[in-house]
Amino acid sequence: MIVQSLKDISLTSDLNFDVVVVGSGPGGSLSGLKAAQQGKKVAILEMGRPLQTKDFVLDEATAYKNLYQEAAGRTSLDGAITILQGRALGGGSTINWTSSFRTPELTLKYWQKYFGLKDLSMEKLLPFFKEAESLIGVKDGEITPNRNNDLLAEGLSKIGAKHGLIKRNVRGCQNLGYCGLGCPVGAKQSALVTSLPMANKLGAEIFCDAVAERFIWKNSRVEALEVSVRGLQNQKYIFKAKTFICAAGAIGSPALLLRSKVADPYETLGKRTFIHPTTISGAIFKEKVEAYYGAPQTVYSDHFLPTKLEEEAAGFKLEVPPIHPLLLATSLPIFGKDHYELMKNLPYIQATIALQRDGFHPESQGGRVILKNGRPFLDYKFTPYMEKAFRQSLLVMGEAQLAAGAYEVMPIHRQGLRVKSLGALLKHVNELSMKALELKVVSAHVMGGCAMGARPQESVTDPSGRFHHLENLVIRDGSLFPTGIGTNPMLSIMGLVGQLSS
Ligand SMILES: Cc1cc2nc3c(=O)[nH]c(=O)nc-3n(C[C@H](O)[C@H](O)[C@H](O)COP(=O)(O)OP(=O)(O)OC[C@H]3O[C@@H](n4cnc5c(N)ncnc54)[C@H](O)[C@@H]3O)c2cc1C
Ligand code: SF4
């Protein structure tokens, strides 16, 4: 694949295209591919570095610096939530954990009922899920779960909770466990090894180190896009196109529109940003778990997700994260000797995560993307409704870990203690505050902020993904979701973008 760095392009180059795409994640790269297949002259712009499979080293510090937004140190405005997002060729798909789920039908029905998204039925989306699955090699059963995942399954079985195996988007996976650092053998079928090279072969030009600063628009049309080289804001390139596709991801897309000062009469832009706020429970086993080896996510449970969205409790999906040393060290809100004592146990640690389904209740309306000196921040607040689900999740995860034979379990929390029995866990978790900056909350699933919908009063784009106020600007990424979805988003983004681009 031929990838250019914008810094090597002359400021006087001809930068006229039929279609300019901002962002090379699952949404941007697929929409770029679709446009190239329709014979359009396409440019795909990516603020990340021009790094490909051969450049990936199995080293966390290097990978986070090179492939993640803010070197994996992005947080919510108040610092309470760690937000992991890709800043890479291929976007989040280059560093994600390969879990591939279709959008839950319950979520689609809710979107139809409350947001007027009539075409987003499972029946109409099915061909596009199948197309995306075939493109990125989604199948089940390629890999036997590692011990980290196995212990989740064992614990859930013992407490009578249903669980299943996760389908993954891989071809020839070597079971290394380094998906989050960029797959070094190209087995993960990210956009980097699928849509992007295919689009490139059809003539799409790919520019890295290219930061889209703002759309230049007049009346009802975007006329051009102002772009700078990452780190060199004084050099401005002007890209022209008939159609502009904004696919800079949730946070990135609303931020670009906010910087462009586009019309926003109902102040919907950047609002309804969802994150599946995620709690963590750590467990120490007497046996070696070595959660840094092997495919990161292979077991899940939807047992604690209510099957009625309007029900009282938020509910959560259970999975495990990979546990590499830096990721663990920075996820622990404890310090000094306590931190050291826990890190010493790295090979024996199992961790379970609970991803809360947000967006379906008056007390779960998401956060808001705002700009400070042009830089985006997500302002996302917890509510008592969410805190209730956080507490329940810590109890359920700890109970499953103890049932699987954990020697000690520990809610990941500023005041979190290591406890050895269910009784002690119950007492401890019920005494903990679930407030921001006390409880550790993370997210790798940012969605919304440019919500689609039939009514402009509560959406940013129409049901076709076109921005309400500019006729040649469309959104094609996870920022379109009007709620969280209750499962890992990559395949949902690809199914949706496939349908909207057809
Ligand atoms: C560690 C991790 C693990 C995950 N695991 C899974 C998983 O197992 N399964 C799953 O389904 N999902 C997973 N996800 C989430 C999934 O990867 C994302 O939801 C998905 O990549 C979002 O796709 P997108 O196209 O909306 O945007 P992104 O993938 O975020 O792509 C947007 C791209 O736009 C670029 N960009 C932003 N602003 C600009 C700008 N101004 N100019 C130019 N470029 C810009 C960014 O650098 C980025 O590369 C994970 C995410 C992370 C971080
Ligand atoms: S487990 Fe290893 S080989 Fe398999 S997709 Fe992930 S990084 Fe690649």
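Counting starts at 1 for both ligands and their atoms, following the listed order. Atom set for the values below is all heavy atoms of this structure, side chains included, hydrogens, waters and symmetry mates excluded. Here the structure is a predicted model, which means the values were calculated and not measured.
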**Q** Applying a strict 4.0 Å limit to heavy atoms, is Ala210 in contact with ligand 1?
**A**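 Yes.
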**Q** Of the protein's non-hydrogen atoms, which lies at the shortest distance from atom 41 (N) of ligand 1, and what is that distance?
**A**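 Nearest neighbour among protein heavy atoms for atom 41 (N) of ligand 1, to 0.1 Å: Ala212 O, 3.1 Å.
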**Q** Who's the nearest protein heavy-atom neighbour of atom 53 (C) of ligand 1, and how far?
**A**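 Ranking protein heavy atoms by distance from atom 53 (C) of ligand 1, first comes Leu84 O, 3.3 Å.
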**Q** Counting only heavy atoms closer than 4.0 Å, does ligand 1 sit against the backbone of Met447, its side chain, both, or neither?
**A**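 The answer is neither.
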**Q** May I ask you to decide if Gly28's main-chain N or O and Ser31's side chain share a donor-acceptor pair within less than 3.5 Å?
**A**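 The answer is yes, because a donor-acceptor pair under 3.5 Å joins these two groups.
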**Q** What are the two closest heavy atoms between Ala224 and Ile238, and how far apart are they?
**A**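 In terms of heavy atoms, the two residues are closest at CB-CG2, 3.6 Å.
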**Q** Of all the atoms in ligand 2, which lie at a distance below 4.0 Å from a heavy atom belonging to Val170?
**A**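 Heavy-atom distances to Val170 below 4.0 Å select 5 (S).
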**Q** When you measure from atom 23 (O) of ligand 1 to every protein heavy atom, which one gives the shortest distance, and what is it?
**A**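 Its nearest protein heavy-atom neighbour is Pro26 CD, 3.3 Å.
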**Q** Which ligand 2 atoms does Gly177 reach within 4.0 Å, using its non-hydrogen atoms?
**A**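 Under 4.0 Å from Gly177, ligand 2 has these atoms: 1 (S), 2 (Fe).
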**Q** Using a 4.0 Å cut-off to any heavy atom of Val185, which atoms of ligand 2 qualify?
**A**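 Those atoms are 3 (S).
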**Q** Do the ring centers of Phe274 and His445 come within less than 6.0 Å of each other?
**A**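 No, the ring centres sit 6.0 Å or more apart.
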**Q** Between Lys440 and Thr82, is there a side-chain donor-acceptor contact under 3.5 Å, judged purely by atom types and distance?
**A**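 A pair is found: one side chain offers a donor N or O, the other an acceptor, under 3.5 Å apart.
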**Q** Suppose we measure from atom 28 (P) of ligand 1 to each protein heavy atom; which comes out shortest, and what is that distance?
**A**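 I find the closest protein heavy atom is Gly92 N, 3.8 Å.
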**Q** I'd like to know if Asp209 pairs up with Arg230 as an ion pair, taking the criterion as any Lys NZ or Arg NE/NH1/NH2 lying under 4.0 Å from an Asp or Glu carboxylate oxygen.
**A**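 Between Arg230 and Asp209 there is a salt bridge, with a charged N closer than 4.0 Å to a carboxylate O.
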**Q** Inspect the contact between Glu458 and Arg272 and indicate whether a charged nitrogen and a carboxylate oxygen are less than 4.0 angstrom apart.
**A**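 No, this pair does not count.
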**Q** Does the residue Tyr68 have a heavy-atom contact with ligand 1, meaning some pair of atoms that are separated by less than 4.0 Å?
**A**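 Per 4.0 Å heavy-atom rule, Tyr68 contacts ligand 1.
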**Q** Tell me which protein heavy atom sits closest to atom 6 (Fe) of ligand 2, plus the residue, atom name and distance to 0.1 Å.
**A**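 Of every protein heavy atom, Cys179 SG, 2.2 Å lies nearest to atom 6 (Fe) of ligand 2.
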**Q** If you measure from each non-hydrogen atom of Asn488 to ligand 1, which part falls under 4.0 Å: side chain, backbone, both or neither?
**A**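 It is both parts that get close, each with some atom under 4.0 Å.
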**Q** Between Lys317 and Asp302, does at least one N-O distance fall below 4.0 Å, as a salt bridge requires?
**A**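 Here Lys317 pairs with Asp302 in a salt bridge, since their nearest N and O are under 4.0 Å apart.
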**Q** Among protein heavy atoms, which lies nearest atom 4 (Fe) of ligand 2, and at what distance?
**A**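 Nearest protein contact, heavy atoms only, for atom 4 (Fe) of ligand 2 is Cys173 SG, 2.3 Å.
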**Q** At their closest point, which heavy atom of Ile485 faces which heavy atom of His276, and how far apart are they?
**A**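 Scanning both residues, the minimum pair turns out to be N-NE2, 3.1 Å.
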**Q** Taking only non-hydrogen atoms of Leu256, do any sit less than 4.0 angstrom from ligand 1?
**A**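 No heavy atom of Leu256 comes that close to ligand 1.
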**Q** Counting non-hydrogen protein atoms only, what is the nearest one to atom 45 (C) of ligand 1? Give residue, atom name and distance.
**A**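 Looking at atom 45 (C) of ligand 1, the protein heavy atom closest to it is Met47 SD, 3.5 Å.
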**Q** Hey, is Thr98 one of the residues with a heavy atom under 4.0 angstrom from ligand 2?
**A**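 It does not, in that no heavy atom of Thr98 comes within the 4.0 Å cut-off of ligand 2.
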**Q** Answer side chain, backbone, both or neither: which part of Ser93 comes under 4.0 Å from ligand 1, heavy atoms only.
**A**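 For Ser93, only backbone atoms sit under 4.0 Å from ligand 1.
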**Q** Can you tell me which residue and heavy atom of the protein come closest to atom 33 (C) of ligand 1, and the distance to 0.1 Å?
**A**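 Its nearest protein heavy-atom neighbour is Glu46 OE1, 3.6 Å.
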**Q** Distance-only, no hydrogens or angles: does the Tyr237 side chain make a donor-acceptor pair with backbone N or O of Leu6 under 3.5 Å?
**A**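 Confirmed, Tyr237 side chain pairs with Leu6 backbone.
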**Q** For ligand 1, indicate whether the residue Ala255 contacts it via side chain, backbone, both or neither (heavy-atom separation under 4.0 Å).
**A**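 The answer is neither; Ala255 stays 4.0 Å or more away.
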**Q** I'd like to know if atom 18 (C) of ligand 1 has any protein heavy atom within a distance of less than 4.0 Å.
**A**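 Answer no: nothing from the protein, no heavy atom, is under 4.0 Å.
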**Q** Is the contact between Gln69 and ligand 1 made by the side chain, the backbone, both, or neither, using heavy atoms and a 4.0 Å cut-off?
**A**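 Looking at Gln69 and ligand 1, just side chain atoms fall under 4.0 Å.
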**Q** Counting non-hydrogen protein atoms only, what is the nearest one to atom 31 (O) of ligand 1? Give residue, atom name and distance.
**A**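 Checking every protein heavy atom, the shortest distance to atom 31 (O) of ligand 1 gives Gly25 CA, 3.4 Å.
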**Q** Could you see which bit of Ile95 sits under 4.0 Å from ligand 1, with heavy atoms only: side chain, backbone, both or neither?
**A**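 Both of them.
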**Q** If only side-chain N and O atoms count, and only distance matters, is there a donor-acceptor pair under 3.5 Å linking Asn148 with Asn146?
**A**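 Judged by distance alone, the side chains do not pair up.
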**Q** Is the distance between the ring centroids of Tyr110 and Phe360 under 6.0 Å?
**A**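 Here the rings of Phe360 and Tyr110 have centres that are less than 6.0 Å from each other.
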**Q** Has Arg259 got any heavy atom lying under 4.0 angstrom from an atom of ligand 1?
**A**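 Yes, Arg259 has a heavy atom closer than 4.0 Å to ligand 1.
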**Q** Any luck finding a side-chain donor-acceptor pair between Glu319 and Asn488 under 3.5 Å?
**A**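 Indeed, the side chains of Glu319 and Asn488 share at least one donor-acceptor pair under 3.5 Å.
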**Q** In the protein, what heavy atom is nearest to atom 11 (O) of ligand 1, and what distance, to one decimal place, separates them?
**A**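 Nearest neighbour among protein heavy atoms for atom 11 (O) of ligand 1, to 0.1 Å: Met490 N, 2.7 Å.
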**Q** Using a 4.0 Å heavy-atom cut-off, which part of Ala88 comes near ligand 1: side chain, backbone, both, or neither?
**A**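 Only the backbone of Ala88 comes within reach of ligand 1.
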**Q** Does any N, O or S atom in Cys183 come within less than 2.8 Å of atom 8 (Fe) of ligand 2?
**A**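 Yes, within the cut-off.
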